[in-house]
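Presented below is the structure to which this report refers.
In this chain, residues are counted from 1 in sequence order.
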Amino acid sequence: VQLQASGGGLVQVGDSLRLSCTASGRTLSGYTVGWFRQAPGKAREFVAGISRSGGGSKYADSMKGRFTISRDSAGNTVYLQMNSLKPEDTAVYYCAAHRTDYIVGVQYDYWGQGTLVTVSS
């Protein structure tokens, strides 16, 4: 499964961005999808995830209330809506997928190439 993350860019503090994750040649239905990020000099961290059924989602504490993960009705795209962006949100954002129902505490088997989000103050 080849994943593609897109939608990153340069924004100002307080702005919003929507990232998209798609799979080449296939639907993301049947996959639990997570968003992760890695800031310069820091370890990769979990941002948010949505279960393959679409009925469950989880967020890292620092993103709760600002970020929303969702799927489109066709199951082809998973979105990460990011609001009230802060400079500390600057990172490369990756989407990843696997075929169990677990969102955290599990290995994600498929990874996209990442999209850069830069929040300028």
Side-chain angles (χ1 to χ4, degrees):
V1 178
Q2 289 186 309
L3 301 178
Q4 295 172 303
S6 61
L10 173 63
V11 297
Q12 302 295 314
V13 170
D15 283 352
S16 298
L17 271 179
R18 189 176 75 165
L19 305 183
S20 299
C21 178
T22 56
S24 296
R26 65 173 65 201
T27 176
L28 284 172
S29 296
Y31 291 87
T32 289
V33 177
W35 283 97
F36 297 78
R37 70 185 186 184
Q38 187 165 21
K42 295 188 177 181
R44 186 173 62 199
E45 63 176 342
F46 172 79
V47 174
I50 187 165
S51 67
R52 59 182 180 173
S53 68
S57 60
K58 291 186 183 294
Y59 299 88
D61 287 343
S62 61
M63 288 71 163
K64 288 179 181 177
R66 297 192 300 125
F67 292 7
T68 303
I69 190 170
S70 62
R71 291 179 183 270
D72 71 344
S73 58
N76 293 325
T77 305
V78 171
Y79 301 103
L80 183 69
Q81 178 68 42
M82 305 187 296
N83 299 328
S84 302
L85 284 163
K86 306 174 182 179
E88 51 264 42
D89 294 319
T90 295
V92 177
Y93 284 72
Y94 300 88
C95 62
H98 67 89
R99 293 192 69 100
T100 77
D101 291 325
Y102 297 98
I103 297 173
V104 295
V106 65
Q107 178 176 313
Y108 281 75
D109 298 315
Y110 310 104
W111 291 80
Q113 83 288 358
T115 185
L116 177 62
V117 173
T118 303
V119 184
S120 174
S121 57

Transitively linked via ILVMFWY side-chain contacts under 4.5 Å: [X] with [Y]?
X	Y	result
Val119	Leu116	no
Tyr93	Val13	yes
Tyr94	Leu3	no

message = Restricting to ring-ring contact (aromatic ring centres under 6.0 Å, His included), what partner residues turn up for Tyr108, sequence neighbours left out?
response =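 Here the qualifying residues are Phe36, His98.
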
Show me the side-chain donor-acceptor pairs of residues 74-88 shorter than 3.5 Å, one per line, residues at least two apart or across chains.
from: Asn76; atom 1: OD1; to: Thr27; atom 2: OG1; distance (Å): 3.4
from: Gln81; atom 1: NE2; to: Asn83; atom 2: OD1; distance (Å): 2.9
from: Asn83; atom 1: OD1; to: Ser16; atom 2: OG; distance (Å): 2.9

task = Any chance you could measure Leu28, atom CG, to Tyr110, atom OH, to the nearest 0.5 Å?
result =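 That separation rounds to 12.0 Å.
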
inquiry  = Distance check, rounded to the nearest 0.5 Å: Lys64 atom NZ versus Lys58 atom NZ?
reply    =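 Going from the NZ atom of Lys64 to the NZ atom of Lys58 covers 8.5 Å.
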
query = Any side chain to side chain donor-acceptor pair (under 3.5 Å) pairs touching residues 111-121, not counting sequence neighbours?
reply =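 Not a single pair qualifies under side chain to side chain donor-acceptor pair (under 3.5 Å).
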
query = Between Thr32 (side chain) and Thr100 (backbone), is there a donor-acceptor pair under 3.5 Å?
reply =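 Present.
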
task = Might you point out which heavy atoms bring Tyr59 and Ala48 nearest each other, and give the distance in Å?
result =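 Answer, listing the atom of Tyr59 first, then Ala48: CD2-CB, 3.5 Å.
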
ask   = Which pair of non-hydrogen atoms, one from Val33 and one from Cys21, has the smallest distance, and what is that distance?
value =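 Shortest heavy-atom separation between Val33 and Cys21 comes out as CG1-SG, 4.3 Å.
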
task = Keeping to residues at least two apart or across chains, list the salt bridge (charged side-chain N to carboxylate O under 4.0 Å, His left out) pairs with something in residues 89-103.
result =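 Passing the test, one end in residues 89-103: Arg37-Asp89, Arg52-Asp101, Arg66-Asp89.
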
inquiry  = Show every salt bridge (charged side-chain N to carboxylate O under 4.0 Å, His left out) that has at least one partner inside residues 3-26, sequence neighbours left out.
reply    =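 Salt bridge (charged side-chain N to carboxylate O under 4.0 Å, His left out) check on residues 3-26 returns no pairs.
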
ask   = With sequence neighbours excluded, what pairs up with Arg44 under the salt bridge (Lys or Arg N to Asp or Glu O under 4.0 Å) test?
value =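 With sequence neighbours excluded, Arg44 shows a salt bridge (Lys or Arg N to Asp or Glu O under 4.0 Å) to no residue whatsoever.
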
With Ser24 via side-chain contact (heavy atoms from CB on, under 4.5 Å) - residues at least two apart =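 Result, side-chain contact (heavy atoms from CB on, under 4.5 Å) vs Ser24: Gln2, Gln4.
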
query = In this structure, which one of Leu19, Val47, Ile50, Ile103 forms a side-chain contact (heavy atoms from CB on, under 4.5 Å) with Ile69?
reply =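 Answer to the side-chain contact (heavy atoms from CB on, under 4.5 Å) test with Ile69 among Leu19, Val47, Ile50, Ile103: Ile50.
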
